[in-house]
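Reading through the structure tokens given below for one structure.
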Amino acid sequence: MQRPGRFAADQQAWSQVWATALPPAPLDVLDVGTGTGTGQAAIVLAGLGSRVTGIDLSEGMLQRARHHAAAMPNGPVIAYGDAVSPDFPAASFDAVTSRYLMWTLREPQVAVANWVRLLRPGGTVAVVDSTWFPDGLDNASENFADHYDNAVRSALPLATVKSIDQTVAVLEWAGLRDVTAYR
């Protein structure tokens, strides 16, 4: 469990990250792979004044995210949805965000191309990610074999990238310009 002081510090740090990465609020934002909502973009961006929709495929994560969203005025809308294929009309959002999601995508190029389709002209895709398992999933400190079978592990093309440049290449392949990676 996170200490209260730590939570406030984390929220402040993430507020600075998202405020730097995106144009000023209010924006219409889609947070893909929203998770529990607390440290993700959904809660933070709603707190900064944007209209946020967070989607995830995990009902357990969504249940927690809905609880967090309900505790704040103008909280994000939290909905079941696939980050690879979000079910929204084209040009619905000013920004699409994700935090620690890219490595979990089964089809990252398809996902990012779909995110670009959802952007209004001049929109932004803001991704926070890393190289999580450069030595392979079998060598990770977590025992992935206990949680993910070989079929799942082989369906995660960015899980074992050795450089963030491989994730940048996916973003550029989808047509995004001026992609910047901060290391």
Using a 4.5 Å cut-off on heavy atoms from C-beta on, say whether the side chain of [Y] contacts that of [X].
X: Arg99; Y: Thr34; value: no
X: Val29; Y: Phe93; value: no
X: Asn114; Y: Val110; value: yes
X: Pro23; Y: Thr124; value: yes
X: Val32; Y: Val96; value: yes
X: Val128; Y: Trp14; value: yes
X: Trp115; Y: Ser98; value: yes
X: Val170; Y: Met102; value: yes

Heavy-atom pair with the smallest gap, counting every atom of [X] and [Y]:
X: Pro76; Y: Ala46; answer: CD-CB, 3.7 Å
X: Ala181; Y: Ile164; answer: CB-CG2, 4.2 Å
X: Ala126; Y: Ala21; answer: CB-CB, 4.1 Å
X: Gly35; Y: Ala65; answer: O-CB, 3.4 Å
X: Ala151; Y: Ser154; answer: O-OG, 3.0 Å
X: Met72; Y: Gly47; answer: CE-N, 3.7 Å

Is there a path of hydrophobic side-chain contacts, each under 4.5 Å between heavy atoms, that joins [X] and [Y]?
X: Leu101; Y: Leu156; result: no
X: Leu27; Y: Val44; result: yes
X: Leu158; Y: Val84; result: yes
X: Leu62; Y: Phe88; result: no
X: Tyr100; Y: Leu105; result: no

Nearest 0.5 Å, please: how far is [atom2] in [Y] from [atom1] in [X]?
X: His68; Y: Ile43; atom1: NE2; atom2: CD1; result: 7.0 Å
X: Ser58; Y: Arg64; atom1: OG; atom2: CZ; result: 10.0 Å
X: Leu30; Y: Ser50; atom1: CG; atom2: OG; result: 12.5 Å
X: Asp28; Y: Leu119; atom1: CG; atom2: CG; result: 11.5 Å
X: His67; Y: Ile78; atom1: NE2; atom2: CD1; result: 12.5 Å
X: Ile55; Y: Leu57; atom1: CD1; atom2: CG; result: 7.5 Å

Residues Glu59, Arg66: salt bridge by 4.0 Å N-O rule
yes
Salt bridge (Lys or Arg N to Asp or Glu O under 4.0 Å) pairs touching residues 68-96, sequence neighbours excluded, are Asp82-Arg106, Asp94-Arg120
Once salt bridge (Lys or Arg N to Asp or Glu O under 4.0 Å) is applied, what residue pairs with a partner in residues 159-173 remain, sequence neighbours excluded?
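Residue pairs passing salt bridge (Lys or Arg N to Asp or Glu O under 4.0 Å), neighbours aside: Asp165-Arg183.
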Pair Asp31, Thr97: side-chain N/O donor-acceptor within cut-off below 3.5 Å
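Yes.
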Sub-3.5 Å donor-acceptor pair from the side chain of Thr20 to the main-chain atoms of Gln16, do we have one?
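Yes, Thr20 side chain to Gln16 backbone: donor-acceptor pair under 3.5 Å.
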